[in-house]
Each structure stands twice: as structure tokens, then as C-alpha cells.
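We count residues from 1, following the sequence as given. Quick caveat, the model's predicted, so the values are computed rather than measured.
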Amino acid sequence: MPSPSDPILFQVGPFVVRWYGLLIVSGALAAAYVASIEARRKNEDPEHAWNLLVWCLILGIIGARLYHVLSSPAGASRGFEYYFIEHPFTNLILFGVAIPFPTALLIWEGGIGIFGAILGGVLAIMIYTRRHHLNAWRWLDIVAPGMLLAQAIGRWGNYVNQELYGPPTDLPWGIIIDNANQRIPPYNDLTRFPLETTTFHPVFLYESLWNLIGFILLMWIGRKYANKLLDGDLTSLYLIWYPTGRLIVESLRPDAWTLSGIPTAQIVSVVLILIGTGLMVYRRQRPQIATRPETAPPSKPVRRRPPRKG
């Protein structure tokens, strides 16, 4: 399967729109739409879902980028040392003028970490629900299915950028990485792995399909067992489902960032699975925090009495 030849969708002067960014935004919009449907089903105001979109995008992108620039993938040319020691600044050309710009902020060149995005998104939801006196666990549940859909869509940005692939394979769905700059060691040896004929495992596709299945599963469970689920249960299932898939696909990544020889994403995944399982058990043992829409309906917004005239 050939890979796209150009990651740029279109360009107007110095402004460039990339497929990667379009897919990330499309995934976020799809997640917000699903969240609005889920909010309405739980008798919550769906407008909060669209307000949360802005919060989650901002903090999610910040978290995702921080995770990427602080990591050091094996065999990759960019990592912590590249962004902060070797090339802390680069020249950004804007209207013909070279402007010094931090290399770590060049997000349009690719490079975000999903675990950082998850942490940023959760922080955004916690802040927003606290400010608006909403049930945080319920809103985490409302967002969780759409998050998996957004991840499924966003992973195709890796396909456009010719990244997130595994070892060579003869399987019919193997992808061709014909951009020599995107080849990682040892596959950058073009005499052993020719550009035109070597196909690789599409790791992005495996994760995308896993996330899509998870989205369908969480939507089904949320409806099938609506009268049995507590607020926060779908969030726990998300913390179990996604990391389980990541544990599997990470074993196919030759460029995985490792700690003591173990892929960091696998370590984080195990921690998240334990957290998801622990939260479900812990909250079910404490009735004071185990709520559901039927027993703890959303509070009505407090309307301030207008000042008296005269």
C-alpha cells in the first residue's frame, strides 16, 4: 500500500494547512459531537461539550507536545537533546522575514504524544467542571467514547506523514515508506530496504482500528448497561481498553522511547490499566462517591436575581 507523497493539503503564501492538523481537528470535532449526544442522553447540557472542546484542544495539544519533546525515541533524530540542547531555536520565515523561534514549538512539523494529550484533556475537564459545578466523573464518561473516535481519526495523520510504522512485512496491507528522511534505523539502509519495494507493518492502522472498536464498544456498553453503570465507569473502561491496545502495538515499534530497555509507552499503559481497574473497584466500594445520572441528577444553574430598579 503506497503512502501519500505530500503531507501538505494546501498553501497560501507563508500559511500552510497540513493533512495532519486537519485530521487532528476533525477528530476533535467528531469527539465533541459524540460528547454532545452523550450529554443529552445523560440529561446534561450539550453546550458544555462544545465549550469543553476549546479547553481540551488547548491543554491537550500542550500536553501532547510536552510529552513528545521531553521524550527520546530510539533511533530518532529528534528528542530532548535535539529540542533543548542541539537546536533550541530555528528561523521561522514569515513574509520574507527570518524570526528566531523555539524549535520545540514547531508543532506543525509533527510530533505529539497521545499520553500527554490524555493528561491535558483530563486536566481541562477537571478545571472546567469545577468552574461550572458539574459532575467531573460524569463528564469524563461523556467525553471518553468520543476520545477513542478522535484517536482513531487522528492516527491517520501518521499515515500521511509516513511515520508510526513497524518492521518489514509481506502482508498485503503493508505500507511503503518512500520518503528516505522518514526511514528510521536500521531501515534507512536503502541497499537492504529499497524505497520502492520494502513494505512495513502499518502500526498506525492497528491502533486506529483498536480505537474504533473501543469507541463502538463504549457506546454500546453505555446504553446496554446504563442502569448499572456508575459515573466514572466508562472512564475506567477507557483507561483499560486503550492502554491494552497500546501495549500490543508498541511491541511493533522499532523507534519506541525506552526506559531500561522497556518501551515507555508500555510502562505508562500498565500504570493506566491499574489506575482504571483500581478506580472502578475503589469507587464502587464507596457509595458517597458512586453516583449515576438517576441518583444524582445535574444541578440546575443558579440564576442571579436582577438588581431592583429605583
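Side chain of Ser26 to main chain of Leu22: a donor-acceptor pair is present (N/O by atom type, distance under 3.5 Å, no hydrogens or angles). A donor-acceptor pair is defined here as one N or O able to donate and one able to accept, closer than 3.5 Å; no such pair exists between the side chain of Thr258 and the backbone of Pro263. Of the possible donor and acceptor atoms, none in the side chain of Arg155 sits under 3.5 Å from a partner among the backbone N and O of Leu164. Judged purely by atom type and a 3.5 angstrom limit, Thr199 uses its side chain to pair as donor or acceptor with the backbone of Thr169. Between the side chain of Asp141 and the main chain of Thr235, a donor-acceptor pair closer than 3.5 Å is present. Arg253 places no side-chain N or O within 3.5 Å of a backbone atom of Val249 that could act as its donor or acceptor partner. Judged by distance alone, with hydrogens and angles left aside, the side-chain atoms of Gln162 form a donor-acceptor pair with the main-chain N or O of Asn179 at under 3.5 Å.
Under the 4.5 Å side-chain heavy-atom criterion for ILVMFWY residues, no single connected hydrophobic cluster contains both Val16 and Ile61. Note on Ile273 and Leu279: separate hydrophobic clusters, where clusters join Ile, Leu, Val, Met, Phe, Trp and Tyr whose side-chain heavy atoms are under 4.5 Å apart, directly or indirectly. No chain of hydrophobic side-chain contacts below 4.5 Å, direct or via other Ile, Leu, Val, Met, Phe, Trp or Tyr residues, connects Ile8 to Val25. Under the 4.5 Å side-chain contact rule for hydrophobic residues, Leu229 and Phe215 share a cluster. No continuous path of hydrophobic side-chain contacts links Leu272 to Leu274 [ILVMFWY only; heavy atoms under 4.5 Å].
Between Pro243 and Val268 there is no side-chain heavy-atom pair separated by less than 4.5 Å. In this structure, the side chains of Val270 and Gln266 stay at 4.5 Å or more apart for every pair of heavy atoms. With a 4.5 Å cut-off on side-chain heavy atoms, Met280 and Leu230 do not count as touching. Using a 4.5 Å heavy-atom cutoff, the side chains of Thr198 and Arg183 are in contact. No side-chain heavy atom of Trp210 sits under 4.5 Å from any side-chain heavy atom of Ile213. Ile275 places a side-chain heavy atom less than 4.5 Å from the side chain of Val271. By the 4.5 Å heavy-atom criterion applied to side chains, Arg223 and Glu38 are counted as neighbours.
Classified by interplanar angle (parallel below 30°, tilted 30° to 60°, perpendicular above 60°), the ring pair Tyr165/Phe200 is tilted. Relative orientation of the Phe193 and Tyr187 rings is perpendicular, given thresholds of 30° and 60° on the angle between their planes.
Atoms CD and CD1, from Gln151 and Ile118 in turn, are 5.0 Å apart once rounded to the nearest 0.5 Å. From Leu209, atom CG reaches atom CG of Leu205 across 4.5 Å, with rounding to the nearest 0.5 Å. Rounding to the nearest 0.5 Å gives a distance of 11.0 Å between CG of Leu239 and OG of Ser269. A distance of 8.0 Å separates OG1 in Thr197 from CD1 in Ile176, rounded to the nearest 0.5 Å. We find the CG-CD distance between Leu190 and Glu196 to be 8.5 Å, quoted to the nearest 0.5 Å. Rounding to the nearest 0.5 Å places CD1 of Ile37 at 6.0 Å from CE of Met219.
Closest non-hydrogen pair, Ala256 versus Glu250, comes out as CB-OE2, 3.5 Å. Closest approach of Ala49 and Ala32 over heavy atoms only: CB-O, 3.9 Å. Here the closest heavy-atom approach between residue Ala136 and residue Thr129 is recorded as CB-OG1, 3.5 Å. Here the closest heavy-atom approach between residue Gln182 and residue Ile177 is recorded as CB-CG2, 4.1 Å. In plain terms, the two heavy atoms of Leu149 and Ala30 that are nearest each other are CD2-CB, 3.9 Å. The shortest non-hydrogen separation linking Trp50 to Ser36 is NE1-CB, 3.8 Å.
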From CA spacing to verdict: side chain to side chain contact (heavy atoms under 4.5 Å, CB included), Ile114, Arg246: CA-CA 10 Å; Ile114 186 59; Arg246 188 62 183 268; 3.0 Å; yes

His132/Trp139 under side chain to side chain contact (heavy atoms under 4.5 Å, CB included): CA gap, chis, key distance, verdict: CA-CA 12 Å; His132 294 271; Trp139 274 94; over 6 Å; no

Stepwise side chain to side chain contact (heavy atoms under 4.5 Å, CB included) test for Leu134 and Tyr128: CA-CA 8 Å; Leu134 302 172; Tyr128 183 89; 4.0 Å; yes

Side chain to side chain contact (heavy atoms under 4.5 Å, CB included) assessment of Asn211 paired with Met147: CA-CA 9 Å; Asn211 291 335; Met147 180 64 181; over 6 Å; no

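For the ring-ring contact (aromatic ring centres under 6.0 Å, His included) with Tyr159, the lone residue among Phe204, Tyr206, Tyr20 that qualifies is Phe204.
Not less than 6.0 angstrom separates the ring centroid of Trp156 from the ring centroid of Trp19.
Note on Arg284 versus Asp233: salt bridge recorded, some NZ/NE/NH1/NH2 to OD/OE distance being below 4.0 Å.
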